[in-house]
Every structure is written in structure tokens, then in C-alpha cells.
Amino acid sequence: MLLLIALQEGARLVRIHPTAVVSSQANLADSVLVGPYAIIEAQAELAAGVRIGPHAVVRSHVLLAEGVRVDAHSVLGGEPQDLSHQGASTRLEVGRRTVIRESAIVHRATRTDRPTRIGAGCFLMGHSHVGHDCQLGDHVILSHGAVLGGHVTVDAHAVIGGMAGVHQRVRIGRQAMVGGMAKVVRDVLPFSVVDGNPGSHRGLNTVGLRRSGIDMDDYRALRAIFHQLRDKRHPAGTSENGMVAEVTAFLTAPSRRGISPFHVPPSTERAADADR
């Protein structure tokens, strides 16, 4: 039977295992659970319903929103692995009901004006890593062993496959899919699939789009612009389709890495040569 120390002040009830080390300067809200041998440092903020697993570490200047679950041996808010960092009090923020599984590592930011941020409802599987200054939207999934370098942006509902590596400052668009063990060194378009080493666009994220209930007119419009980009034809005019407009906005937004190339199947190359 798990032995817990219950600290009750008025209506507040926090449960802390007797082997856990919790700073008196940490801020723990109602119904927080801290498991065996966990460490919660000063200036950490844990909102209602947060659960911290055995041997997990929550360092200073980490904010965990309501219902966040941190599993065993994870380390949140460690100093950024950046030689330019001079010890400033930077932050990490994790959104509501995000799940962080065993031995995941998330570093806080290098800059004081913007924290490393994990959105709401995200799922960081075991041994995944989120580098300093990353910005993850809501409902992002990092599969087992996926690694994000510093300053990576991942928009909502994107999925990063197991053991994939993403270069620093890469942008990954909404509802994109990165294949397992891919090496991603350039940006990934919204609604697309990137795979390979180095990563290249392979097509639309058909499974993800279908699961989200995409309208067929939207799917056809996305397929048309994807084929135009693959064939190196500039999309004509301004589309009234919202999803296509999102792709074109992504293309015109500032980028430090450029867009991942398009994988062209051999049959498509032969057809293009015949057209010439």
C-alpha cells in the first residue's frame, strides 16, 4: 500500500510520498500527487490535479497546468543545452491535461521573454526530448524516443514518429506527420507526411485528415496544391479554401531552414519526361 503524507490546510489537500523532496518555496495546488523519490524545486508551480511519478524531477520556474501527468524518471525544466545560456531564470510551461511519460526530458528556454511551451492535451511518450525554446501547440504527439532540437515549432495535432530527429529551428505545420526514424532538417508543411533521411515530403497525411473528418472538397484542394508544389509549379492565385490558405501562409512565413523537398516517385518522373 502506498504511504502518503497528506497536507491539509482548510479545503486544500496535497498528497506527497514521504520519500519525495518538495521545496517549501514550491507552489502546489489542490489534489496534487507527488510520488516516491520525486523532486519538486523552488518556484515550481503545480496546478490542481497534477500527478508526479516516482523519481521525476520538476525544476525551478516550471508551470504545470491542471491535470498534467508526469511519469517516472522524467526531468522537466532543466537548464537549456545551449552554450550561450548564462543562467537566466527562464521558464517552461506545460498545458492542461498533457501526459509526459517515462524518462522524457524537456528543457526550459534560453530567453526570459518567452518560455519553452507545451500545449494542452499533448502526449510525450517515453524517452522523448523537447529542447529549449520549443513551442508545441495543442494535442501534439511525440512518439517514443522522438527528439526536438532547440527553437522547433510544432503546430496543433502534429505527430512526430518514434526515434525521429528534428533539427533546431524547424517548423512543423498543423496536423502534419513525421515518420519514424526520419531526419528532419527543413520545415514540414501542414497536413503533410515527411519521412526519410534526410526527410522529404511524401504526400498528404491522409490517415490523420480522415480521422479528423475532413471534407472531400478540402481534401481535393489540398491534394491539388501539394501536387503543384511537388511538380515545382507555383500555386495560381489566392485560394478561398481555408486549409489551402493555411498552407500558402506557412510557405510565405519567415523560415530559418526552408521547406523540406518533395519526394517524386519514379513513375511520376517518367511521366514528366514524356510530357517534355
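Bear in mind that the values here come from a model prediction, so they are computed numbers and not experimental data.
- Taking the six-membered ring where tryptophan is involved, the planes of His73 and His55 are essentially parallel, since the angle between them stays under 30° and well short of 60°.
- Qualifying salt bridge (charged side-chain N to carboxylate O under 4.0 Å, His left out) partners for Arg171, counting only residues two or more places apart in sequence or in other chains: Asp187.
- Ring geometry for Phe226 against Phe262 counts as perpendicular: the plane angle is over 60°, on a 0 to 90° scale with 30° as the lower cut.
- The neighbour count for Arg202 CZ, taken as heavy atoms of other residues, nucleotides or ligands under 6.0 Å away, is above 12.
- Remark: side-chain polar atoms of His201 are paired, donor with acceptor, to backbone N or O of Ser260 under 3.5 angstrom.
- When each of His61, His129, His132, His85 is checked for a ring-ring contact (aromatic ring centres under 6.0 Å, His included) with His107, only His129 meets the rule.
- Proximity of a side-chain donor or acceptor of Thr116 to a complementary backbone N or O of Ala109 within less than 3.5 Å is detected.
- Heavy-atom neighbours of Tyr37 OH from other residues, nucleotides or ligands within 6.0 Å: at or below the threshold of 12.
- For residues 128-155, no residue pair satisfies the salt bridge (charged side-chain N to carboxylate O under 4.0 Å, His left out) rule, not counting sequence neighbours.
- At least one donor-acceptor pair under 3.5 Å links the side chain of Gln175 to the backbone N or O of Gly208.
- Note: His151 NE2 to Gln168 CD = 7.0 Å, rounded to the nearest 0.5 Å.
- Not one N or O on the side chain of Ser31 forms a donor-acceptor pair closer than 3.5 Å with the backbone of Leu13.
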